[in-house]
Amino acid sequence: MTRLKIAIQKSGRLSDQSLELLENCGIQFARSKDKLFWYGRNLPVDLLLIRDDDIPRLLLDGVCDLGICGENVARECLLDRQRSEAELTPEVALGFGFCRLCLALPETVSFDAVSSLDGRRIATSYPALTQEYLRKHAVSAEIVELSGAVEIAPSMGTADAIVDLVSTGTTLRANQLREVALVMESQAVLYSGTRRLDDEAGKLRALLIKRIVGILQARDSKYVMMHAPKAAVDAIADILPGAESPTVLSLEGQPDKVAVHMLCTETVFWEHLEELKAMGATAILVLPVEKMLT
Ligand code: PRT
Ligand code: ZN
């Protein structure tokens, strides 16, 4: 059977959460010292720990079967290599690594429209995405490609504007830059590559994807338990829609009351807490859900 090859970032913002996700799927890795290649001990899976920028390329070239990287890196690679989006299949948006690729200018420079960048120099580590953005806005500007420290380009005099990733905005502010337009939003995504897998490896890939979806669902879910008037059970189930119908249990010595157990998302629970209390719910307990197996 072919061993499934999974690529994650070796060391950076996505590394810890990517590894944690795979280990939560039940894969146990024999960690090697050089940290480049880890062997799956209990499943036929090999882990490649590499730079995030290399992940989409290895998926496209059929070297890896699954990989986790930012949408920003994946799209940049597709555009740069002129490959079709269909060749890199987004399987699951993972809910971490959130950021946005933005156009930013020095705070002192006024900005009306993207067209004002005509003939200017824009520094970026994302030349293909920047080029695509400029083309969409019919702007012709010179792209200055930098591999890092893009934010200092305007003060160094090497560019008039930048296109860079932003999450909190602290880096821009520290460099007297301001965000003027959004190029793309991004988060970490699990992608499938192009290599043809034999039946068993294909099944294992599908199983791991399913487990990851289950883990993400569980993270967002809470197991809620409460005592409530029997008559309010339907109304409670309506405002807290769970995965399946609620479990209703009788309460010793309290014929009009029941215990209601159900799954719901944390946000929904907080939004409706006061309503639940108004319906007569008491002894409300909220528990984390470790895994959800569907
Ligand atoms: O060595 P390797 O190439 O693997 O790592 P890297 O340095 O290229 O990547 P890394 O670890 O910095 O980022 C990996 C991925 O994390 C990116 O491709 C994005 O998908 C995602 N991500 C999320 C970010 C950020 N947030 C982020 N804030 N990537 C980079 N930044 C940088 C940004 O470039 C800027 O320098 O953080 C600075 C801005 O942050 P704020 O909070 O000050 O706005
Ligand atoms: Zn990188």
Side-chain angles (χ1 to χ4, degrees), residues 5-22 34-38 47-61 63-64 66-81 85 88-107 122-133 143-156 158-159 161-193 212 216:
K5 294 212 165 25
I6 307 181
I8 62 169
Q9 189 185 23
K10 181 178 177 231
S11 119
R13 287 166 204 267
L14 309 180
S15 311
D16 292 350
Q17 291 176 87
S18 302
L19 181 61
E20 192 191 322
L21 198 60
L22 296 177
D34 66 359
K35 265 194 93 182
L36 287 177
F37 181 88
W38 291 2
L47 188 68
L48 272 75
L49 294 117
I50 53 183
R51 291 198 58 192
D52 65 343
D53 318 67
D54 294 333
I55 294 172
R57 194 168 44 81
L58 294 188
L59 288 165
L60 285 172
D61 292 348
V63 178
C64 289
L66 282 172
I68 296 176
C69 65
E71 290 169 291
N72 52 312
V73 166
R75 262 198 70 73
E76 175 72 20
C77 174
L78 285 173
L79 287 171
D80 180 51
R81 302 186 91 205
E85 295 206 8
L88 208 52
T89 314
E91 300 288 359
V92 196
L94 300 174
F96 62 85
F98 286 105
C99 57
R100 48 197 192 276
L101 189 64
C102 291
L103 174 65
L105 261 70
E107 283 164 355
I122 304 176
T124 187
S125 307
Y126 295 90
L129 282 165
T130 303
Q131 193 60 261
E132 185 196 45
Y133 178 79
I143 293 178
V144 180
E145 187 176 343
L146 298 175
S147 55
V150 172
E151 64 279 359
I152 63 168
S155 60
M156 298 279 288
T158 47
I162 66 167
V163 167
D164 200 11
L165 294 177
V166 179
S167 52
T168 61
T170 312
T171 307
L172 289 186
R173 280 193 295 280
N175 288 279
Q176 286 87 47
L177 297 167
R178 79 190 156 104
E179 205 174 318
V180 294
L182 174 72
V183 176
M184 81 172 280
E185 288 185 303
S186 178
Q187 63 174 300
V189 167
L190 174 74
Y191 291 96
S192 270
I212 288 176
L216 299 179

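Whatever order the structure lists them in is the order used to number ligands and atoms, beginning at 1. Count residues from 1 along the sequence.
When only non-hydrogen protein atoms are considered, atom 35 (C) of ligand 1 lies nearest to Leu165 O, 3.5 Å. The single protein non-hydrogen atom nearest to atom 39 (C) of ligand 1 is Thr171 OG1, 3.3 Å, given as residue, atom name and distance. Protein heavy atom in closest approach to atom 26 (N) of ligand 1: Cys99 CB, 3.4 Å. The protein non-hydrogen atom at the shortest distance from atom 28 (N) of ligand 1 is Ser167 OG, 3.0 Å. At the shortest separation from atom 34 (O) of ligand 1 among protein heavy atoms lies Asp164 OD1, 3.5 Å.
When Asp52, Val73, Thr168 are checked for heavy-atom proximity to atom 41 (P) of ligand 1, Thr168 turns out nearest. Among Arg13, Gln187, Lys10, the residue whose heavy atom lies closest to atom 11 (O) of ligand 1 is Arg13. When Asp54, Ile8, Asn72 are checked for heavy-atom proximity to atom 18 (O) of ligand 1, Asn72 turns out nearest.
With contacts defined as side-chain heavy-atom distances shorter than 4.5 Å, the pair Pro154/Ile162 qualifies. Proximity of Leu146 to Thr124: side-chain heavy atoms (C-beta onward) are nowhere separated by under 4.5 Å. With a 4.5 Å cut-off on side-chain heavy atoms, Asp164 and Val166 do not count as touching. Between Leu47 and Leu19 there is a side-chain heavy-atom pair separated by less than 4.5 Å.
Considering backbone and side-chain atoms together, Gly169 places an N or O closer than 3.5 Å to an N or O of ligand 1.
Rounding to the nearest 10°, we obtain 70° for the angle at the Zn ion (ligand 2) between Asp52 OD1 and Asp53 OD1.
Looking at Glu91, its side chain never comes within 3.5 Å of a backbone N or O of Leu190 through a donor-acceptor pair. For the pair Glu151 (side chain) and Asn175 (backbone), a donor-acceptor distance under 3.5 Å is absent.
Per-atom contact check: atom 3 (O) of ligand 1 touches the protein, criterion being a heavy-atom distance below 4.0 Å.
Within ligand 1, the atoms closer than 4.0 Å to a non-hydrogen atom of Gly12 are 11 (O), numbered from 1 in the order shown. Per-residue contacts place Val166 under 4.0 angstrom from the following atoms of ligand 1 (heavy atoms of the residue considered): 44 (O). The ligand atoms of ligand 1 that sit less than 4.0 angstrom from a heavy atom of Gln9 are 2 (P), 4 (O), 5 (O), 6 (P), 9 (O), 10 (P), 11 (O), 14 (C).
The distance from atom OH of Tyr191 to atom CG of Leu78, rounded to the nearest 0.5 Å, is 8.0 Å. Leu101 CG to Thr130 OG1: the interatomic distance, rounded to the nearest 0.5 Å, is 6.0 Å.
Contact annotation: for Asp53 versus ligand 1, heavy atoms closer than 4.0 Å belong to the side chain alone. Both the backbone and the side chain of Arg51 come within 4.0 Å of ligand 1, counting heavy atoms alone.
No salt bridge links Lys10 with Asp54; every basic N to acidic carboxylate O contact stays at or beyond 4.0 Å.
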